[in-house]
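For reference, the structure discussed in these notes is given below.
Only a predicted model underlies this, so the values are computations on that prediction, with no experimental measurement involved.
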Amino acid sequence: MSENMYINTKMDGFSIIELMITLVVAAILLSIAAPSFRDIIQDNRLTTEINSLSASLNLTRSEAIKRGTPATLCKSNDSVNCVAAANWHDGWLVFDDIDGDGSLDVGETILRVVNGLTPGTTLIFVSGSNSVTYDPSGFYTGANDTFRLCDSRGIASAKGLVISNSGRVRTANAGDLASCP
């Protein structure tokens, strides 16, 4: 019995031309999407850092109220002392400031340490002060002040926080953020 046997010699898959066209289209799409993705990452980084500052300010205020003594947030570049020569983006400390002088003294407890922010970001306290102190009732001992966080993109992407005299922290409006260094 003789049967005609047919062997399927057709191969399924991609030709080299189809593969090259697919790779070119993918490369074009990635080159268009990459800059937007970089901006998203930078925006998320700034949001995370301004939220960290907001959390530290709120902790400082709540600890002042809870302990019935002043509490202070001060800039620090060594995670142990308040350092006037440091920059705010180098990091900060939150501590119970029993004598309310804005400096960390013997017997005062460090409540939180935040190390430096992402390289390339700049955090400025517009008033130029080295610390933020809340009194035992939760009021900010300074005048309305603004923190401004900037990166290499300038004022267009800047974020900020405003501390009111009552101690409340809110997100800064565009008008509160005049410029970036």
(request) Without swapping roles, check the side chain of D96 against the backbone of I98 for a donor-acceptor pair under 3.5 Å. (result) no
(request) Going by the side chain to side chain contact (heavy atoms under 4.5 Å, CB included) test, name the single residue among I163, L53, T60 that passes it with V132. (result) I163
(request) Determine whether P70 and D135 make a side-chain contact, defined as any pair of heavy atoms from C-beta on separated by less than 4.5 Å. (result) no
(message) Would you compute the distance between atom OG1 of T47 and atom NZ of K159 and round it to the nearest 0.5 angstrom?
(response) 3.5 Å
(request) Please answer whether the main-chain N or O of D90 pairs with a side-chain N or O of N77 as donor and acceptor at a distance below 3.5 Å. (result) no
(message) For a 4.5 angstrom cut-off between non-hydrogen side-chain atoms, does E49 reach L149?
(response) yes
(request) Please check if any side-chain donor atom of N81 sits under 3.5 Å from a side-chain acceptor atom of S76, or the reverse. (result) no
(message) For a quick check under 3.5 Å, do D145 and Y140 share a side-chain donor-acceptor pair by atom type?
(response) yes
(request) Give the C-alpha distance, both sets of side-chain angles, the deciding distance and a yes or no for side chain to side chain contact (heavy atoms under 4.5 Å, CB included) between C74 and L104. (result) CA-CA 9 Å; C74 69; L104 183 60; 5.6 Å; no
(message) As an exercise, state the distance from CG of L59 to CG of L111, rounded to the nearest 0.5 Å.
(response) 6.0 Å
(request) Go through the steps to decide whether E108 and D99 satisfy the test side chain to side chain contact (heavy atoms under 4.5 Å, CB included), and finish with yes or no. (result) CA-CA 9 Å; E108 296 176 336; D99 57 5; 3.0 Å; yes
(request) Look at the side chain of H89 and the backbone N and O of T122, then say whether any donor-acceptor pair between them is shorter than 3.5 Å. (result) no
(message) Between V113 and F95, is there shared hydrophobic-cluster membership here, with clusters defined by ILVMFWY side-chain heavy atoms closer than 4.5 Å?
(response) yes
(request) Mind running side chain to side chain contact (heavy atoms under 4.5 Å, CB included) on W92 and C82 for me, showing each step along the way? (result) CA-CA 8 Å; W92 56 84; C82 294; over 6 Å; no
(request) Grab the two heavy atoms, one from R61 and one from G167, that are nearest each other, plus how far apart they are. (result) CD-O, 3.4 Å
(message) side chain to side chain contact (heavy atoms under 4.5 Å, CB included) for L161 and I50? Distances and angles first, verdict last.
(response) CA-CA 8 Å; L161 293 176; I50 205 72; 3.7 Å; yes
(message) Would you say L23 ends up clustered with I16 if hydrophobic residues are merged whenever their side chains have heavy atoms under 4.5 Å apart, either directly or through other cluster members?
(response) no
(message) What's the separation between atom OG1 in T22 and atom CD1 in I17, rounded to the nearest 0.5 Å?
(response) 11.0 Å
(message) Donor-acceptor pair, distance only, cut-off 3.5 Å: does the side chain of K75 make one with the backbone of A86?
(response) yes
(request) Could you pull out the closest heavy-atom pair between S129 and S131, with the gap in Å? (result) OG-O, 2.9 Å
(message) Would you say V24 ends up clustered with I32 if hydrophobic residues are merged whenever their side chains have heavy atoms under 4.5 Å apart, either directly or through other cluster members?
(response) yes
(message) Has N58 got a side-chain atom pairing as donor or acceptor with S54's backbone, closer than 3.5 angstrom?
(response) yes
(message) Holding to salt bridge (Lys or Arg N to Asp or Glu O under 4.0 Å), I want the full list of residues that pass it with D43, two or more places apart in sequence or in another chain.
(response) R153
(request) Quick one: sort the F147 and F125 rings into parallel, tilted or perpendicular, breaks at 30° and 60°. (result) parallel
(request) Using a 4.5 Å cut-off on heavy atoms from C-beta on, say whether the side chain of V83 contacts that of D78. (result) yes
(request) Report yes if the side chains of S152 and Q42 come closer than 4.5 Å at any heavy-atom pair, otherwise no. (result) yes
(request) Identify which one of L117, T118, L46 satisfies the side chain to side chain contact (heavy atoms under 4.5 Å, CB included) criterion when paired with D151. (result) L46
(message) What I'd like to find out is whether the side chain of V162 reaches to under 4.5 Å of the side chain of V169, using heavy atoms alone.
(response) no
(request) Measure the CD-CG distance between E63 and D97 for me, rounded to the nearest 0.5 Å. (result) 13.0 Å
(message) Could you tell me if the side chain of I65 sits less than 4.5 Å from the side chain of S137, heavy atoms only?
(response) no
(message) Within this structure, what is the SG-CD1 distance for the pair C150 and I124, rounded to the nearest 0.5 Å?
(response) 6.0 Å
